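A short worksheet on the structure shown next.
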Amino acid sequence: MNKFLKYLLIIFVITSFESFAEENFFNEAKNLFDKGKYEESKFLFQRNIVFNPKDAKSYLYLARIYETEENEIEKEKNINTTLLLEPDNEDAMYMLIDLKLKRSDYAKVRELSEKFKIICSSLCNKIDSIKERLTNIEAKDES
């Protein structure tokens, strides 16, 4: 019985430490991101994903970092992963719409805009700017 309690205590301590480490990696990475230390924060966000592969916030921040690095391929991968884990993440949805607008994928922008209207809560004011940009781009293409 005594050995069982020791094993149980060891398992509890290990799992508690891991969950603390996961949260600590994200918080430290976010602090570095906020200070503009993107390379250091990228490493910690990736490390956080190793411990918690379903952390949509880490993928979203990685997408923002890749945006500053102008790495559209990695940015899109991380946005798509964020939306896979959290389909109603309006920040990720807006970033994807912006990316598709830059690539002139108008059909996808319209589709994403309809979804964005449904899920928006704090970025709803962006809907009009999306429509305006889409209209302006389509008008340029026609002329």
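Bear in mind that the values here come from a model prediction, so they are computed numbers and not experimental data.
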*Out of Asn27, Leu32, Asn31, which one pairs with Leu44 under the side chain to side chain contact (heavy atoms under 4.5 Å, CB included) rule?*
Leu32
*Measure across Tyr66 and Lys75 and return the closest heavy-atom pair with its distance rounded to 0.1 Å.*
CB-N, 3.7 Å
*Looking at Met93 and Pro87, what are the two nearest heavy atoms and their distance?*
CE-O, 4.1 Å
Do [X] and [Y] come close enough that some side-chain heavy atom pair is under 4.5 Å?
{"X": "Thr68", "Y": "Arg64", "answer": "no"}
{"X": "Ser41", "Y": "Ile65", "answer": "yes"}
{"X": "Asn52", "Y": "Lys54", "answer": "yes"}

_Same apolar cluster: Ile79 and Leu84, side chain cutoff 4.5 Å_ = no
_Lys42 bridged to Glu69 by N-O distance under 4.0 Å_ =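 Counted as a salt bridge, because a side-chain N and a carboxylate O are separated by less than 4.0 Å.
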*Is the shortest distance from a Lys or Arg side-chain nitrogen in Glu28 or Lys37 to a carboxylate oxygen in the other one below 4.0 Å?*
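Salt bridge flag = no for Lys37 with Glu28.
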At what distance, to the nearest 0.5 angstrom, does [atom1] of [X] lie from [atom2] of [Y]?
{"X": "Glu90", "Y": "Ile97", "atom1": "CD", "atom2": "CD1", "value": "10.5 Å"}
{"X": "Tyr38", "Y": "Leu62", "atom1": "OH", "atom2": "CG", "value": "13.0 Å"}
{"X": "Tyr94", "Y": "Leu101", "atom1": "OH", "atom2": "CG", "value": "8.0 Å"}
{"X": "Leu99", "Y": "Lys108", "atom1": "CG", "atom2": "NZ", "value": "11.5 Å"}
{"X": "Lys115", "Y": "Asp88", "atom1": "NZ", "atom2": "CG", "value": "12.0 Å"}
{"X": "Asn78", "Y": "Phe45", "atom1": "CG", "atom2": "CZ", "value": "11.0 Å"}

*Check Glu76, Glu111, Glu72 against Lys100 for a salt bridge (Lys or Arg N to Asp or Glu O under 4.0 Å) and give me the one that passes.*
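Option passing the salt bridge (Lys or Arg N to Asp or Glu O under 4.0 Å) with Lys100: Glu76.
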_Check the orientation of Tyr61 and Phe33. Use parallel for under 30°, tilted for 30 to 60°, and perpendicular for over 60°._
perpendicular
*asked:* Whether the Thr82 and Asn89 side chains hold a donor-acceptor pair (N or O, under 3.5 Å, no angle test) is what I'd like checked.
replied: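 No, no side-chain donor-acceptor contact under 3.5 Å.
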